[in-house]
2 protein chains.
Amino acid sequence: MLENLTDNRIKKMTLPQLSELCEEARQKIISTVYKNGGHLSSNLGMVELTVALHYVFDFPEDKIIFDVGHQCYTHKLLSGRYGKFDTLRKRNGLSGFPKREESVYDCYNTGHAGTSVSAALGLAKARDVKNENYKVIAIIGDGSFNNGLVYEAFNSLRLLNTRILLILNDNGMSIAPTVGSMHNYLEFLSKSSEQKEKREKHANIFNRFGFAYDGVYDGNNLSEMIEKLREAKLKLETQSVILHVATKKGKGYSFCEENPEATHGISISSSKQISDEYSQVFGDTLSELAEKDERIIAVTAAMTTSLGLGKFFEKFPDRSVDVGICEEHATILCSAMATQGLKPYYAVYSTFLQRSFDEILIDICSQKLPVTLCIDRAGISGSDGETHQGVFDLSFLSFVPNLTIAVPKDIEEFKDMLRFSVGFDGPLAIRYPREGKHIFERHEKIERGKWEILKAPEDKAVIIACGERMINLALAAERLLSESGTEVGVINARFVKPLDTELLDKLECGLIVTLEDNALLGGFGSLVDTYFCESKRLIKNFAYSDEFIPQGSVDELMRDYGINLKDICDYIKNACG
Amino acid sequence: MLENLTDNRIKKMTLPQLSELCEEARQKIISTVYKNGGHLSSNLGMVELTVALHYVFDFPEDKIIFDVGHQCYTHKLLSGRYGKFDTLRKRNGLSGFPKREESVYDCYNTGHAGTSVSAALGLAKARDVKNENYKVIAIIGDGSFNNGLVYEAFNSLRLLNTRILLILNDNGMSIAPTVGSMHNYLEFLSKSSEQKEKREKHANIFNRFGFAYDGVYDGNNLSEMIEKLREAKLKLETQSVILHVATKKGKGYSFCEENPEATHGISISSSKQISDEYSQVFGDTLSELAEKDERIIAVTAAMTTSLGLGKFFEKFPDRSVDVGICEEHATILCSAMATQGLKPYYAVYSTFLQRSFDEILIDICSQKLPVTLCIDRAGISGSDGETHQGVFDLSFLSFVPNLTIAVPKDIEEFKDMLRFSVGFDGPLAIRYPREGKHIFERHEKIERGKWEILKAPEDKAVIIACGERMINLALAAERLLSESGTEVGVINARFVKPLDTELLDKLECGLIVTLEDNALLGGFGSLVDTYFCESKRLIKNFAYSDEFIPQGSVDELMRDYGINLKDICDYIKNACG
């Protein structure tokens, strides 16, 4: 039924047909995600609700925004993308997130948490200004609902004098179980045994902001959803509505229902048995260090397990903080704790650290506080695409005064850096990708701003690389070039900031090549360019080109967006030939 | 009495003596701000409350955090800084904001809105981990209370299992009058004629998050404040407390009471009759353009007048949006409106745009949406110091894909850029300082990425400058060098991104000098360095050094932090000699 489905057709279906459609969508999602990787349990929870939305509303005329956007698979299947669904998350395939470029049914691209209510208000305001009449719907999970952006948007609902329907999709999870008082409040609304009328009185938090509140309903009950969405649609003629629905993460697939956190995201690598080594090593090493040092505190924004902190949180509950999806708050919390002599470690994915830019600059670094940012999923992160690549952190951190930035060459050096961080009295960032290995036998002692010579610089050329992926590439290039008679040196730039200027000053080679798993502009290579700008040196930077990098495998994207072995070797051979 | 005041002494004072102390503080604040510039009306409103705080609590053992921090003058006067108060906001003088470097009474540096609750929770959590026993107090205005960070912090209060006292200083203003539903709610709590008990029932929004609520009290009534703070201190033994107080902005000085927005900040330049020309011209020009183009929408985060938008808001109320101090939400709102064919202009100070970094990257630029960022107070902003200098915007914007960055050479070119922006179909940032002039007769037509030759490049050297201050400096250097026989060219880099590579490629001079009113790293000069890294060119970048720039006049700071006429001329003479 999903094949060749049109909006027109879905509206004429009977309830049993719609149920069948749900089952078909669910099976398609399971089979595709197991092949391609992707968000599984959240999408399984959303099937009935999404079918009901397409049944009741008129898309694409009406607009729907998915917060974060990882739960939009059924929406894609219902809006003419069934045929391409096998390409989900693959290079040049369907995105795992809403994409305006992909379909008129996707009206706003998302990827980071909490933006949907603001975006819905923007669409609604634009509608009003243009005297149009479509409906605007935002759908947000209880996890994203913790984010401060939601409050900012709520606060301006009346001000903008407009109307939206906000569907609060409450599954009690935000990758990890949702935490915080707002979550408790939602749970209270869900579980209260009081009469609906009385319960709704307690919902006056939402009323205060101008929303009519209706809930809690079973988001996995198709007929109930159709009924409640119809009611909400009517109410929406005169005022904004929050429809609070409870869905079951992983619904309809018992393995997911029982393991909602582990099946939030399925990566293809899971099947290849590649574990997330850096995050694992991070958690284990920090636990070891915390045994001996009572100042150590671990902070995360709703990603405990993905960051490897599961054990730490079990072992040191009093020194573990998960604040929910509140990256800015997490950063300030660390900064304030550091003023009192504690040693906070804020672990976060590179892409989500972008939210904390102002707080890193003002709160941590202008106060020179010893907070350690542990930046996971740095560099290309792969199949999640544009909004999730970790290719900007060096660019937005390298110009921040007082910040030291370290990048390990392998798992063992990463451990050394973590040990180093304990005694380091200033703002420190350590960035690392997902996958990692033990590569090197030899590890020089970590000293701030001191690089490591892996192969002595030659007269002709030296490659300065930072991070495991780039060091591997540099060594591969060195071997290949050596085979064809061109000898080059290789340096491990363990610190992006400060640069090892003592070593740079000693370099006498004709060509300096920089390699980094980051955007070219503002990154490591740029720092070297600027350092040498008065020296008339020949420098070649290999880094990602100035564009957003879409989904694909790490290898594909490195190759296509500016960093690959052949280009590096060709350049060096040409320059040194 | 203020001279040689100690905590010990204030605690032994009688109420009349404390009142006298208030009067003295008030006079000192007025006389100092009229000499040095600074925040006037907010500080006048805070006198009694601050004296009461020092009377009831034990600083510095107890910790107090001022949100934004502009209202801390009385606190400074009461904590041993009366003697230095004449140096307020001057180079090497007392800061207008809390500074840990300045006094043990300042426990956390602030400057941007909404951080105080998070920071207070961090201090409290650290206290608990260390088994200490001090009190933690945050004081926040109703303006900052709109910021999403507050919600993020509220949400984790119970989670952190700790206790703080939050004083909500409600004066109905956030530079401009406070807006939004939270403001309405606070007003409702303030003005309700119901019995206190009944009113407090309505305060269950705060209760839900774990705060006991007490209010509303007269924050300018000294004895009432002492009594209520004592009660709050007791209650704080067992739970977190919100004390809601109403203060009068400008209290005790009728001119301020009647003009709270105009006297929020007093700048020394006011006395010199230098108007804020760029912001004025921005508002006027945008109004003219909006007459002819109905797509134009102006958005601000609580700074309507300071950004020059007063008239626009009067003239086009339906196309004017002030969302309160919610920079991130404002950015997404613009982005969403742009998807529907509107033309949003988000006007904001450079330093506050830092909060929107992730939304600029993901929402605006990865979707290539035609939002125009109008970045006021770019470059050194002067006496507000570290947290307010606009010297990072080029660094955090220049690597953002799809973004065009324009910098006008004078007021007239700024108007041209605004006119250009209307027809420009992509993300655009225009950055400008506070003060501006009409300098040039001739203005070449604005074309994206096209620079302007002001004086033809010479063989020896060319200065490429961006922005009015730097163009002035470049022309001054050119004249001075010419007088001593060294001829140099001058180029107006009207676009920082994209670079005018066609022009750059044609340059044959031996030395390229870049001038910018931004940090060196990641800024305009760095882009030029990276562009030429394979060309062995001699490039010299003049820009701000890699450190936080403290308070002082624009001239002083330019001189001391890396950009001045003498150094520029000396360098060029040496290099070309």
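Chain letters run A, B, ... following the sequence lines, proteins first and then strands; every chain starts at 1.
- B:R537 is not listed as a side-chain neighbour of A:K536, based on a closest heavy-atom distance of 4.5 Å or more.
- A donor-acceptor pair shorter than 3.5 Å cannot be found between the side chains of A:D529 and B:Y531.
- Contact annotation for A:I65: neither backbone nor side-chain heavy atoms come within less than 4.5 Å of a heavy atom of chain B.
- Minimum interatomic distance between A:V400 and B:D546 (heavy atoms only, all atoms of both residues): C-OD1, 4.2 Å.
- The part of B:D318 that comes within reach of chain A is its backbone (N, CA, C, O), which places non-hydrogen atoms under 4.5 angstrom from that chain.
- Distance check: B:S366 OG to A:K99 NZ gives 6.5 Å after rounding to the nearest 0.5 Å.
- Neither the backbone nor the side chain of B:F532 comes within contact range of chain A; no heavy atoms are under 4.5 Å apart.
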### B:E152 vs A:I325, side-chain contact (heavy atoms from CB on, under 4.5 Å): CA-CA, chis, key distance, verdict
CA-CA 9 Å; B:E152 295 190 349; A:I325 309 181; over 6 Å; no

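- Residues B:E534 and A:I539 fail the side-chain proximity criterion, which asks for heavy atoms closer than 4.5 Å.
- Residue with the most contacts toward chain A among B:R158, B:K368, B:E328, B:K540: B:E328 (heavy-atom pairs, distance under 4.5 Å).
- In this structure, the portions of B:L361 lying under 4.5 Å from any heavy atom of chain A include both its backbone and its side chain.
- Atoms SG and CZ, from B:C365 and A:F548 in turn, are 6.0 Å apart once rounded to the nearest 0.5 Å.
- Counting heavy-atom pairs closer than 4.5 Å to chain B, the top residue among A:G148, A:P401, A:A575 is A:P401.
- Residues A:C107 and B:T339 are not in side-chain contact: their nearest non-hydrogen atoms beyond the backbone lie 4.5 Å or more apart.
- In this structure, A:Y151 and B:Y151 have parallel ring planes: the angle between them is below the 30° cut-off, well short of the 60° mark.
- Residue contact with chain A, scored on non-hydrogen atoms closer than 4.5 Å, involves the backbone and the side chain of B:A119 alike.
- Remark: the A:Y134 side chain and the B:Q340 side chain contain an N/O donor-acceptor pair separated by less than 3.5 Å.
- B:L121 touches chain A through backbone and side chain together, each having a heavy atom under 4.5 Å away.
- At a 4.5 Å heavy-atom cutoff, A:L511 makes no contact with chain B through either its backbone or its side chain.
- With a threshold of 4.5 angstrom between heavy atoms, B:K63 approaches chain A through side-chain atoms but not through N, CA, C or O.
- Ranking B:A126, B:A124, B:G525 against chain A, the residue ahead of the rest is B:A126, based on heavy-atom pairs under 4.5 Å.
- With chain B as the partner, the residue from A:T115, A:L521, A:N155 showing the most heavy-atom pairs under 4.5 Å is A:N155.
- For B:E101, the part sitting under 4.5 Å from any heavy atom of chain A is the side chain, from C-beta outward, and nothing else.
- Taking NE2 of A:H388 as the start and CD1 of B:I362 as the end, the distance is 8.5 Å to the nearest 0.5 Å.
- Between chain A and the residues B:N161, B:V117, B:T387, the most heavy-atom pairs under 4.5 angstrom are made by B:T387.
- Side-chain contact between B:K125 and A:V321 is present, with at least one heavy-atom pair separated by less than 4.5 Å.
- For chain A, no part of B:L157 is nearby; none of its heavy atoms comes within less than 4.5 Å.
- A salt bridge links A:E359 with B:R355: at least one charged nitrogen is closer than 4.0 Å to a carboxylate oxygen.
- If you measure heavy-atom distances from B:S398 to chain A, the contacts under 4.5 Å come from the backbone alone.
- A 6.0 Å sphere centred on CD of A:E547 holds more than 12 heavy atoms belonging to other residues, nucleotides or ligands.
- Taking both residues in full, the closest heavy atoms of B:G122 and A:A336 are given as CA-CB, 3.8 Å, listed atom of the first, atom of the second, then distance.
- Atom CD of B:E386 is separated from atom CD of A:Q367 by 10.0 Å, given to the nearest 0.5 angstrom.
- Contacts between A:F154 and chain B at a heavy-atom distance below 4.5 Å involve the backbone alone (N, CA, C, O).
- Residue A:K130 touches chain B through its side chain alone, counting heavy-atom pairs closer than 4.5 Å.
- Contacts of A:N147 with chain B are made by both backbone and side-chain atoms, with heavy-atom separations under 4.5 Å.
- For A:L159, the part sitting under 4.5 Å from any heavy atom of chain B is the side chain, from C-beta outward, and nothing else.
- In this structure, the portions of A:A153 lying under 4.5 Å from any heavy atom of chain B include both its backbone and its side chain.
- Ranked by heavy-atom pairs under 4.5 Å with chain B, the first of A:L123, A:V323, A:N109 is A:N109.
- The distance from the OG atom of B:S118 to the CD1 atom of A:I332 is 4.5 Å, given to the nearest 0.5 Å.
- Proximity to chain B involves both the backbone and the side chain of A:D363, based on heavy atoms less than 4.5 angstrom apart.
- Side-chain atoms of A:F357 and B:S356, non-hydrogen and from C-beta on, never get closer than 4.5 Å to each other.
- Looking at residues two or more places apart in sequence or on another chain, you find a side chain to side chain donor-acceptor pair (under 3.5 Å) between B:R127 and B:T162.
- Proximity to chain B (any heavy atom under 4.5 Å) is restricted, for A:I297, to the side chain, taken from C-beta onward.
- Residues that satisfy the ring pair (Phe, Tyr, Trp, His ring centres under 6.0 Å) test with B:Y571, not counting sequence neighbours, are absent from this structure.
- Remark: B:H329 NE2 to A:S156 OG distance equals 2.5 Å, nearest 0.5 Å.
- Counting heavy atoms from C-beta outward, B:Y108 and A:S335 have side chains that approach closer than 4.5 Å.
- Among A:P344, A:G522, A:S395, the residue with the largest count of heavy-atom pairs under 4.5 Å with chain B is A:S395.
- Within the 4.5 angstrom heavy-atom criterion, only side-chain atoms of B:L342, from C-beta onward, approach chain A.
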